[in-house]
Amino acid sequence: MIFNILTLFPESFQGYMDTSILGKVIEKKIISVNLVNIRDFAYDKHRKCDDSPYGGGPGMVLKPEPLSGAIESLGKGPRRVIYLTPAGKLYNQQYAEALAKEKELVLICGKYEGIDQRIIDQYVTDEISIGDYVLSSGEIAAKVIIDSVSRLVSGVIKEESLLEESFNRGILEYPQYTRPQVFNGREVPEILITGHHANIQEWRLKKGIEKTLKNRPDLLDRVDLDENIKEYLNNITGGQSNGPNKSDRS
Ligand code: SAM
């Protein structure tokens, strides 16, 4: 998988690429990150990449020519070209799974008030927001995409680690414990030290469902939940599959 990152701040990716799991998989050539400095494609004498918005208003907008030059420098696709923007579609695990099937992605990191709309119209296939808040530039959002997508690429993380992770079955992951067995008077649940695999699996499933009901009941609105999840949910909610207190959601 190749990530082409179009950014005004390529240096901001360096520490992240050296220290995370990503560093190892880049070394193994499973993932490759191609940093493209947008400013290298600004041809005026001041290498200017931003200008004030037509129609007035505050802030600056990333000019189309340097961005177009940076995208064209990658050669012909086809490839998905993602613009990271708070005005995009909300990113989630299913989106990450879809992107992980691609061989190559282009991620455009915006800055200031964003990028000229004509770049979106001409090149962008996906406008993605990583959450309902506004960051000051797209680099952190790009790292979120690189991280969440690359751990789904074959060979990056053990398949079994992914199976029970949050969102994988439509619910959140069960609580995790490690040594010591007693910490500040709090004991590890007894079932986890019985060695009884089937009972532990069942306990984990129930705890995952309970956690989802408490923290993310919206996830339980999905119709494609496993039968055993639906059954347990029905038992604890008295048949209201998405939880007894819809109005309590925050
Ligand atoms: N004026 C824009 C708006 O209101 O939609 C916000 C621009 S923001 C200050 C600057 C850049 O940060 C954006 O172009 C985008 O690349 C990035 N960014 C900010 N919030 C983001 C989010 N929630 N998801 C993805 N990218 C984001």
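Counting convention: from 1, in listed order, for ligands and their atoms alike.
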Under 4.0 Å, heavy atoms only, figure out whether ligand 1 is touched by the backbone of [X], its side chain, both or neither.
X	answer
Tyr112	backbone
Asp132	neither
Thr85	backbone

>> I'd like to check whether Ala87 has a polar contact with ligand 1, where a contact means an N/O of the residue lying under 3.5 Å from an N/O of the ligand.
In response: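 Looking only at distances, the answer is no, because the N/O contact criterion of under 3.5 Å is not met.
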> Taking both backbone and side-chain atoms of Val134, is any N or O found less than 3.5 Å from an N or O belonging to ligand 1?
Replying inline: no
> Are Glu227 and Lys230 ion-paired here, with the side-chain N under 4.0 Å from a carboxylate O?
Replying inline: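 Between Lys230 and Glu227 there is a salt bridge, with a charged N closer than 4.0 Å to a carboxylate O.
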In ligand 1, which numbered atoms sit nearer than 4.0 Å to a non-hydrogen atom of [X]?
X	value
Gly138	12 (O), 16 (O), 17 (C)
Ser136	10 (C), 12 (O)
Gly110	11 (C), 14 (O), 16 (O)

>> Checking contacts now, so for atom 26 (N) of ligand 1, which I'm interested in, is there any protein heavy atom under 4.0 Å?
In response: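 There is a protein heavy atom less than 4.0 Å from atom 26 (N) of ligand 1.
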>> Under a plain distance cut-off of 3.5 Å, with no hydrogens placed, do Glu127 and Thr85 share a side-chain donor-acceptor pair?
In response: no
> Does any donor atom in the side chain of Asn4 or Glu104 lie under 3.5 Å from an acceptor atom in the other side chain?
Replying inline: yes
>> Applying the side-chain contact (heavy atoms from CB on, under 4.5 Å) criterion to Ile71, which one of Ile38, Ile119, Val124, Val36 satisfies it?
In response: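 With Ile71 as partner, Ile38, Ile119, Val124, Val36 yield a single side-chain contact (heavy atoms from CB on, under 4.5 Å), made by Ile119.
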> Which of these passes side-chain contact (heavy atoms from CB on, under 4.5 Å) with Leu99: Ile82, Leu107, Ile146?
Replying inline: Ile82
>> Among all protein heavy atoms in this structure, tell me which lies nearest to atom 24 (N) of ligand 1, with the distance rounded to 0.1 Å.
In response: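 I find the closest protein heavy atom is Ile130 N, 3.1 Å.
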> To which protein heavy atom is atom 21 (C) of ligand 1 closest, and what is the distance rounded to 0.1 Å?
Replying inline: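 Looking at atom 21 (C) of ligand 1, the protein heavy atom closest to it is Pro86 CD, 3.5 Å.
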> Quick one: does Ile115 get a heavy atom under 4.0 Å from ligand 1?
Replying inline: no
